J.: 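Dropping a structure here in structure tokens format, bear with me for questions.
Reminder, nothing fancy here: chain letters follow the sequence lines and each chain counts from 1. Values in this document were obtained by computation on a predicted structure and should not be read as measured data.
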Protein chains: 2
Amino acid sequence: MPPATPPVPDRSSTIASALRSAIVDGRLMVGDRLPSETELAEQYGVSRPTVREALKRLAAQSLIRTRRGASGGAFVNHLSYDAAHDQQITTGVLLLSMNAISFDVACEARFAMERACAPLACARRNEAQLRCMRTEVARQSDPGLTDEAFCASDVAFHRALVDAAGNPVLSWQLAGAVEAMQPLMNMITFTARSRARIVALHGRIVDAAEAMDVSTCDTALRDLESYTVEVHAAVMAQRAEKACSVR
Amino acid sequence: MPPATPPVPDRSSTIASALRSAIVDGRLMVGDRLPSETELAEQYGVSRPTVREALKRLAAQSLIRTRRGASGGAFVNHLSYDAAHDQQITTGVLLLSMNAISFDVACEARFAMERACAPLACARRNEAQLRCMRTEVARQSDPGLTDEAFCASDVAFHRALVDAAGNPVLSWQLAGAVEAMQPLMNMITFTARSRARIVALHGRIVDAAEAMDVSTCDTALRDLESYTVEVHAAVMAQRAEKACSVR
DNA sequence: GCTGTTTAATTGTCAGACAATTGGTTGTCC
DNA sequence: GGACAACCAATTGTCTGACAATTAAACAGC
């Protein structure tokens, strides 16, 4: 494998950095139009394709959006929560899959953050959010539900809990983390027999949220965490055994 | 302002998406070499510049790195915590600056997550981390410290606290959040008189961490949060008054 | 005043070329 | 035979110039 030495910053990345810091520092405001590609090319003394590569880098980070036509061009983008959320997920998934993160560590982080939301969620949850959580719990109780659908409902439930905290910044961070961890979670939730217990714990959580009972909610989340870790350990042990018996 | 409608996905972004999902799904593993630009161009039936734009998009997300020369090319990158951290900061800063996040909301999120680390940090902190925190507190006590240096030390202190939790996933999330919030924090910490109280609270936090006293640590963080909010409110009120008197 | 058409500006794409970099290969000299 | 230098091939980085597609605005006709 080649070493990860960044030898020389090429011109397109230099230009991208210059424009990026202009945006981050506020010299370019949201909605501002960047100079046209031809103008930028002149300005930086490079050709248009080079400028374009730089712009594509910024577009990949949702910093700008481009439009064709007269009065088109590149505009400083309004970074929405959705866009940030997607980036968070991509980064999270890769980070987890590429860094040999143990399941326990990822799980600990996820539940630590979720427990951080719990007090706020208990204090601020509204009827719609409670209803949403109850709906997901009911759906999860259906034995006919596919594993995929169960996992999706699981994500929706926790998402609703996090949103109940009523803090968009927390929602952004947490929702990204939870979804990034989903592939790992799927490995273990694809065993049907654990469903009943998970549903029971989800029920306890939503009950606690409705009753605004912070400590019960916290305990339920802890129980869910330890149960998750436990199931994972069991699945791993089973796999190891299977691998042995194959030999 | 032009509307934010994504009209047609252009070819370079289509190719970028295809390659990105190949990486995320694991069809391309870390260290794998992508086909050369010419080959990709043939494969997708486009020209080389178009392929290059797609590759630059991936490079902007640290998904690939490129090297020139024989046996050069584009390689699937190992996403390090550092790279993820940087992206987290960029995204966070933009999100905060572009979405009219109130200081209180950002502050609440930051401290909620930091309090989530506190129990782990109290349980696992080692001597080096405690020493690091104490060093920063000592530095902050120096009245000759510039405001910039004080803020940097503040970040370092909280970073050390988060790292003490010994969970790299949490560190990644938190460190990004704390640093992204720093520009907002700077607005208020640039008033010298609040330093003594902040230093005192930092002292209480590190003492609690050393004593493995979770509840004291939690309380100290709560106090720091409310004090931060309070100072911010005072600064805002003062500014408003000034603006009035100017009229 | 309204409608349809033209027009200009701008991004998206292509083709071909050359420069820069890097690893391997080959050949020469000791 | 071995060490060192020169060369070569592959690949990315960049340039030039061109054309297509798209869009808003100016304009002509009624």
J.: Side chain of R48(A), base of dG17(D): donor and acceptor closer than 3.5 Å?
T.: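 Check fails, no donor-acceptor contact within cut-off.
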J.: Would L40(A) and L55(A) satisfy side-chain contact (heavy atoms from CB on, under 4.5 Å), going step by step from the backbone distance to the final call?
T.: CA-CA 10 Å; L40(A) 284 173; L55(A) 292 179; 4.2 Å; yes
J.: Under 4.0 Å from any atom of DNA chain C, heavy atoms only: list the residues of residues 36-46 of chain A that qualify, in numerical order.
T.: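 Per residue number, the list reads S36(A), E37(A).
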J.: Any side-chain N or O of S12(A) under 4.0 Å from OP1/OP2 of dG13(D)?
T.: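 Checking dG13(D) against S12(A), no side-chain N or O comes under 4.0 Å of OP1 or OP2.
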J.: Mind running salt bridge (charged side-chain N to carboxylate O under 4.0 Å, His left out) on R131(B) and E127(B) for me, showing each step along the way?
T.: CA-CA 6 Å; R131(B) 208 161 38 234; E127(B) 283 308 315; 5.1 Å; no
J.: Passes side-chain hydrogen bond (donor to acceptor under 3.5 Å, both in side chains), S102(A) versus D104(A)? Steps please.
T.: CA-CA 5 Å; S102(A) 81; D104(A) 294 355; 5.3 Å; no
J.: For the residue pair F111(A) and H158(A), categorise the inter-ring angle as parallel (less than 30°), tilted (30 to 60°) or perpendicular (more than 60°).
T.: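 Geometry flag for H158(A) against F111(A): perpendicular rings.
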J.: It should be established whether T66(A) places a side-chain nitrogen or oxygen under 4.0 Å from OP1 or OP2 of nucleotide dG12(C).
T.: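 For dG12(C), OP1 or OP2 has a side-chain N or O of T66(A) closer than 4.0 Å.
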J.: Using whole Å, what does the distance between atom P of nucleotide dT11(C) and atom CG of L58(A) come to?
T.: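 These atoms are roughly 14 Å apart.
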J.: Output yes when at least one side-chain N/O atom of R67(A) is less than 4.0 Å from OP1 or OP2 of dT10(C), else no.
T.: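 Checking R67(A) against dT10(C): no side-chain N or O falls below 4.0 Å of OP1 or OP2.
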J.: Any idea which heavy atoms bring F75(B) and G31(B) closest together, and the distance?
T.: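 Closest approach of F75(B) to G31(B): CD2-O, 3.6 Å.
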J.: Over all heavy atoms of both residues, which pair between Q87(A) and S62(A) is shortest? Give the atoms and the distance, please.
T.: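 For Q87(A) and S62(A), the tightest heavy-atom pair comes out as OE1-OG, 3.4 Å.
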J.: Once you round it to whole Å, what is the distance between C1' of dG12(C) and CZ of R52(B)?
T.: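 Rounding to the nearest Å, CZ of R52(B) and C1' of dG12(C) are 16 Å apart.
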J.: Take V76(A) and L63(A) through the test side-chain contact (heavy atoms from CB on, under 4.5 Å) and record every step on the way to the result.
T.: CA-CA 6 Å; V76(A) 178; L63(A) 267 82; over 6 Å; no
J.: dA10(D) C1' sits how many Å from L34(B) CG, rounded?
T.: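 L34(B) atom CG is separated from dA10(D) atom C1' by 16 Å.
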J.: Grab the CZ-P distance between F75(B) and dA10(D) for me, whole Å please.
T.: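 Going from CZ in F75(B) over to P in dA10(D) covers 16 Å.
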J.: Taking N or O atoms only and anything under 3.5 Å, show me the protein contacts with nucleotides 5-9 of chain C, one pair per line.
T.:
from: dA9(C); atom 1: N3; to: A70(A); atom 2: N; distance (Å): 3.2

J.: For the pair made of CZ in R65(B) and C1' in dT11(D), what is the distance, rounded to whole Å?
T.: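 Taking CZ of R65(B) and C1' of dT11(D), I get 15 Å after rounding.
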J.: Is there a side-chain contact (heavy atoms from CB on, under 4.5 Å) between D154(B) and E136(B) once you walk through the steps?
T.: CA-CA 7 Å; D154(B) 191 52; E136(B) 297 301 339; over 6 Å; no
J.: Let me know the distance between CD of E53(A) and P of dG12(C), rounded to the nearest Å.
T.: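 Roughly 13 Å, once rounded to whole Å.
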J.: I want to verify a distance call: between dG12(C), dT14(D), dC14(C), whose nearest atom is closest to the D10(B) side chain?
T.: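 Output: dG12(C).
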J.: Let's see if you can work this out: which of dC15(D), dT13(C), dG12(C) has an atom nearest to the side-chain heavy atoms of K56(A)?
T.: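 Ranking dC15(D), dT13(C), dG12(C) by closest atom to the K56(A) side chain puts dG12(C) first.
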J.: Step by step, would you call Y44(B) with T14(B) a side-chain contact (heavy atoms from CB on, under 4.5 Å)?
T.: CA-CA 10 Å; Y44(B) 288 99; T14(B) 308; over 6 Å; no
